[in-house]
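Working notes, structure below.
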Amino acid sequence: MSHTDTESDGGMDLGDVFTEPPRPPSPEPTTAVYTRERSDQTDWTTINLRLVGSHPLWAHYLWNASLAFASYLDEHDALYRDRFVLELGAGGGLPSIVTAKNGARKVVITDYPDQALIDNISYNVSQNLGETENDGVAVQGYIWGHPIEKLLQLLPDNEPERAFDLMILSDLIFNHSQHDAMLKTCDLALAKSRPACVLVFYSHHRPHLAHRDVEFFRKARENGWTCDEILTRKYPPMFPEDPGEEEVRATVHGWRLTRAS
């Protein structure tokens with residue numbers, strides 16, 4: 001029965017039975033600015049990121065791991081220049097945008113297929129990249145562990161191996177239940193016939209669960225990956241009032257995963 005039928009019958013609308021207090025409006029998006037740390041480059045200096053006002057997947061923050069990632073990628077552009085890049089769980093998309101600005105051939109930026117997230121990443125790409133750079137970027141919804149054919153189809157079809165040379169995982173491994181799914185996607189997406197790597201940057205947001213975070217690397221080794229820590233860097237903690245040792249929460253760790261020979 002339609003709402004109009006209910007009214008014509010003199011019945012009660014559901015709103016009359018189940019009253020609900022007005023919901024507060026969704027928070028407005030915020031803006032964060034990343035300032036480049038390299039002093040020997042003059043082609044760009046800042047990246048302006050719009051962050052969704054609130055999101056259950058924590059995409060409304062610019063995390064310390066993302067800042068460290070952006071700086072590392074800017075200093076190590078040989079990893080991706082003229083090559084193919086895939087980011088999982090991108091949030092605002094900062095690391096990927098750095099690779100696009102520094103000459104990656106194709107950058108595929110993914111996050112959970114929620115329209116607000118995907119639209120926001122697309123906005124950040126359009127605001128920070130020129131027309132030529134923008135042509136080399138694709139934004140897609142993707143769920144970890146699922147088939148990757150649609151992602152591979154975004155790469156040129158004349159490549160000997162249609163796969164990615166660099167994969168970016170920024171602040172994802174606190175999702176303990178998703179470790180296997182992330183590793184499955186890494187295995188499916190990363191190139192096998194040429195040098196390639198997965199970079200994993202993170203902070204221990206819950207120090208009492210740090211051992212659960214690093215289980216990701218134990219599982220990776222069991223699945224044939226070589227795992228090497230390549231960076232530790234301290235930042236002001238994201239949430240000073242959170243429980244747990246502050247120095248642990250303030251430290252970003254960076255790891256490189258390659259296929260074991």
Side-chain angles (χ1 to χ4, degrees), residues 30-51 59-111 120-139 164-173 190-191 194-203 227-238 247 249-258:
T30 59
T31 300
V33 178
Y34 170 75
T35 301
R36 196 179 197 188
E37 296 181 2
R38 283 183 67 168
S39 59
D40 61 336
Q41 300 285 340
T42 58
D43 50 342
W44 62 275
T45 56
T46 59
I47 293 174
N48 295 289
L49 291 175
R50 187 179 72 178
L51 304 172
H60 50 301
Y61 292 107
L62 179 59
W63 298 92
N64 288 337
S66 184
L67 296 172
F69 227 139
S71 177
Y72 183 88
L73 291 169
D74 200 20
E75 294 287 346
H76 297 82
D77 55 359
L79 287 169
Y80 54 84
R81 188 173 293 276
D82 297 320
R83 305 179 81 186
F84 304 134
V85 177
L86 172 65
E87 181 169 6
L88 305 183
L94 175 60
S96 287
I97 291 172
V98 169
T99 67
K101 293 184 78 67
N102 284 352
R105 183 176 172 191
K106 184 73 177 186
V107 182
V108 179
I109 312 176
T110 71
D111 209 324
N120 192 67
I121 296 171
S122 298
Y123 175 86
N124 287 334
V125 168
S126 68
Q127 293 299 302
N128 287 284
L129 299 177
E131 184 175 347
T132 302
E133 297 166 327
N134 207 332
D135 288 343
V137 178
V139 181
F164 293 92
D165 302 287
L166 171 66
M167 292 183 61
I168 296 170
L169 279 65
S170 181
D171 231 341
L172 303 184
I173 63 171
L190 197 70
R194 56 186 187 265
C197 69
V198 180
L199 294 183
V200 182
F201 281 39
Y202 64 93
S203 297
C227 306
D228 299 297
E229 189 165 17
I230 57 174
L231 173 143
T232 57
R233 182 171 178 179
K234 294 178 182 176
Y235 287 84
M238 293 284 298
E247 184 170 349
R249 293 185 286 111
T251 302
V252 173
H253 303 267
W255 287 65
R256 179 178 61 240
L257 276 60
T258 54

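Because the structure is a prediction, the values reported are computed rather than measured. The first residue in the sequence is number 1, and the count goes up from there.
Residues L94 and L67 are in side-chain contact: their nearest non-hydrogen atoms beyond the backbone lie under 4.5 Å apart. Side-chain contact between L88 and M167 is present, with at least one heavy-atom pair separated by less than 4.5 Å. Looking at heavy atoms from C-beta onward, V98 lies out of side-chain contact with Y72 at the 4.5 angstrom threshold.
Smallest separation of non-hydrogen atoms from L129 and A100: CD1-CB, 3.8 Å. Considering every non-hydrogen atom in both V85 and A104, the closest pair reads CG2-CB, 4.0 Å. Heavy-atom minimum distance, T251 versus K234: OG1-CG, 3.6 Å. Across all non-hydrogen atoms, the minimal contact from G92 to I97 is O-CD1, 4.3 Å. Taking all atoms of both residues into account, the shortest heavy-atom contact from G89 to D111 is C-OD2, 3.6 Å. Among all heavy-atom pairs drawn from N64 and P236, the shortest one is ND2-O, 3.1 Å.
The backbone N or O of R50 lies less than 3.5 Å from a partner atom in the side chain of N124, making a donor-acceptor pair.
Taken from OG in S96 to CD1 in I168, the straight-line distance is 4.5 Å, to the nearest 0.5 Å. Separation of atoms CG (L166) and CZ (F84) is listed at 12.5 Å; rounding is to 0.5 Å. Here the CG-CG distance, from L79 to L199, works out to 6.0 Å after rounding to the nearest 0.5 Å. Interatomic distance, CG of N128 versus OH of Y34, reported as 12.5 Å (0.5 Å rounding). Note that the OG1 atom of T99 and the NE2 atom of H76 stand 15.0 Å from one another [nearest 0.5 Å]. Atom CZ of F201 and atom OG1 of T232 lie 10.5 Å apart (nearest 0.5 Å).
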(message) Please determine whether side chain to side chain donor-acceptor pair (under 3.5 Å) holds for the pair N102 and R81, giving the CA-CA distance in whole Å, both sets of side-chain angles, and the decisive distance to 0.1 Å.
(response) CA-CA 7 Å; N102 284 352; R81 188 173 293 276; 5.0 Å; no
(request) Output, in order, the C-alpha distance, side-chain angles, deciding distance and verdict of side chain to side chain donor-acceptor pair (under 3.5 Å) for Y202 and W63. (result) CA-CA 9 Å; Y202 64 93; W63 298 92; over 6 Å; no
(request) Could you check R194 against D165 for side-chain contact (heavy atoms from CB on, under 4.5 Å), going step by step and ending with a plain yes or no? (result) CA-CA 8 Å; R194 56 186 187 265; D165 302 287; 2.4 Å; yes
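Under the rule for a ring pair (Phe, Tyr, Trp, His ring centres under 6.0 Å), Y80 has no partner lying at least two apart in sequence or in another chain.
Of the listed residues (D43, I47, D77), just one forms a side chain to side chain contact (heavy atoms under 4.5 Å, CB included) with K101, and that residue is I47.
Electrostatic pairing of E75 and R233 does not count as a salt bridge here, judged by no charged N lying under 4.0 Å from a carboxylate O.
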